[in-house]
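Note that this is a predicted model, so its numbers are computed, not measured. Start at 1 and go down the list; that is how both ligands and their atoms are numbered.
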Amino acid sequence: MPGEVYLVGAGPGDIGLITVRGMELVRCADVIVYDQLANPELLDHARPEAKLIDVGKEGGHHKVRQEGINDIIIEEARAGRMIVRLKGGDPFMFGRGGEEAEELRKADIKVHVVPGVTSAIAAPAMAGIPVTHRDHAPMVTFVTGHERDDRPDGRINWEALANTGGTIVILMGMANLAQNMSRLVKGGMSPNTPVAVVHRGSTPSQIVVLSTLDDIAEKCRSQKVGSPAVVVVGGVVSLHDVLGDLR
Ligand code: SAH
């Protein structure tokens with residue numbers, strides 16, 4: 001009998017923010033294949049005989065290439081094992097969980113998903129920034145700051161994004177921060193629009209940098225704040241002043 005694969009969201013970092021279902025699966029897995037963004041303390045809950053495989057991916061540094069990750073999972077599943085593929089945040093919010101699920105389906109392996117608490121919502125929340133609010137933002141857009149390298153022309157219409165009237169939440173946004181902020185200004189947003197960068201949200205090392213579209217990149221550079229971080233653009237950022245740190 002081939003094994004089954006569970007794509008499990010590990011949550012944004014705080015170990016308490018994995019789901020009950022996710023933790024149950026971590027406790028009984030034969031194999032756990034995990035990313036760098038998943039809190040390593042979760043692995044303390046694995047069975048002592050479980051095989052733990054680090055395929056750490058962060059900011060373009062891949063210990064194992066994506067095809068390699070899929071091959072490892074497929075091989076383990078064919079050997080009849082129960083596999084937890086532990087991914088930071090929610091498995092289907094960026095991070096290529098959808099692609100992994102497709103590959104497993106193609107290989108005729110049973111795959112399940114256990115959604116997680118995404119950093120896209122949780123990191124701002126922990127910094128006192130609700131991504132929607134009746135007074136500030138009736139909608140929110142989640143966008144990657146870093147399109148795939150094989151599509152240099154880009155499919156994201158930053159000008160349109162500048163005109164949604166809602167909050168913009170950018171993941172993987174630190175490498176191209178200055179460029180993307182100026183695209184929003186070119187699209188018509190005020191250079192004074194508030195921006196927050198939340199680094200390692202929900203963890204003890206959470207850092208929040210507050211500024212504006214025309215200054216946030218410089219401020220992050222001078223304070224040496226980089227990935228992993230969520231960038232939040234829009235009026236909701238001002239709520240941080242009222243709500244503060246909500247960890
Ligand atoms: N599936 C993940 C996102 C994977 S893409 C999720 O749902 O959260 C990786 C990006 O997630 C990082 O570049 C960063 O933008 C964001 N990220 C993940 N964990 C984070 C955290 N604790 N604090 C801030 N940003 C985080």
Exercise. Name all residues meeting the salt bridge (Lys or Arg N to Asp or Glu O under 4.0 Å) criterion together with Arg221; count only those two or more places apart in sequence or in a different chain, and write none if there are none.
Key: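 Residues passing salt bridge (Lys or Arg N to Asp or Glu O under 4.0 Å) with Arg221: Glu218.
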Record the part of [X] in heavy-atom contact with ligand 1 below 4.0 Å; permitted values are side chain, backbone, both and neither.
X: Arg200; value: backbone
X: Leu37; value: side chain
X: Ile170; value: neither

Nearest-contact summary for [atom] - protein heavy atom, Å:
atom: atom 10 (C) of ligand 1; value: Met172 CG, 3.8 Å
atom: atom 22 (N) of ligand 1; value: Pro12 O, 2.7 Å
atom: atom 7 (O) of ligand 1; value: Thr118 OG1, 2.7 Å
atom: atom 17 (N) of ligand 1; value: Ser119 OG, 3.1 Å

Practice problem: Would you please say whether a donor-acceptor pair under 3.5 Å links the side chains of Glu103 and Gln66? | Solution: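 No pair is found: no donor N or O on one side chain lies under 3.5 Å from an acceptor on the other.
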Practice problem: Would you kindly say whether Gln206 and His199 are connected by a side-chain donor-acceptor distance under 3.5 Å? | Solution: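 Short answer, no.
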Any N or O on [X] sitting closer than 3.5 Å to an N or O of ligand 1?
X: Pro91; result: no
X: Met93; result: yes
X: Gly88; result: yes
X: Ser202; result: no
X: Ala229; result: yes
X: Ser227; result: no
X: Gly201; result: yes
X: Gly173; result: no

Exercise. Give, for atom CG of Leu171 and atom OG of Ser119, the distance between the pair rounded to the nearest 0.5 Å.
Key: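 Answer rounded to 0.5 Å: 4.5 Å.
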[X] and [Y] ion-paired at < 4.0 Å:
X: Glu4; Y: Arg81; result: no
X: Lys186; Y: Glu159; result: no
X: Arg155; Y: Glu147; result: yes
X: Arg21; Y: Glu24; result: yes
X: Glu102; Y: Arg105; result: no

Self-check item: Any Lys87 heavy atom less than 4.0 Å from ligand 1
Solution: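 So Lys87 does not count as touching ligand 1.
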Quiz item: Under 4.0 Å from any heavy atom of Val230, which atoms of ligand 1 are there?
Solution: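 Listed by number with element, the hits are 24 (C), 25 (N).
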Quiz item: Got a sec: does the CZ of Arg47 have more than 12 other heavy atoms crowding it under 6.0 Å?
Solution: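 Count over threshold, so yes.
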Quiz item: Nearest heavy-atom pair of Val33 and Ile73: which atoms, and what distance?
Solution: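 Minimum heavy-atom separation between Val33 and Ile73: CG2-CG1, 4.2 Å.
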Quiz item: So between Val231, Asp14, Val169, Val198, whose heavy atom ends up nearest atom 24 (C) of ligand 1?
Solution: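 Minimum heavy-atom distance to atom 24 (C) of ligand 1 goes to Val198.
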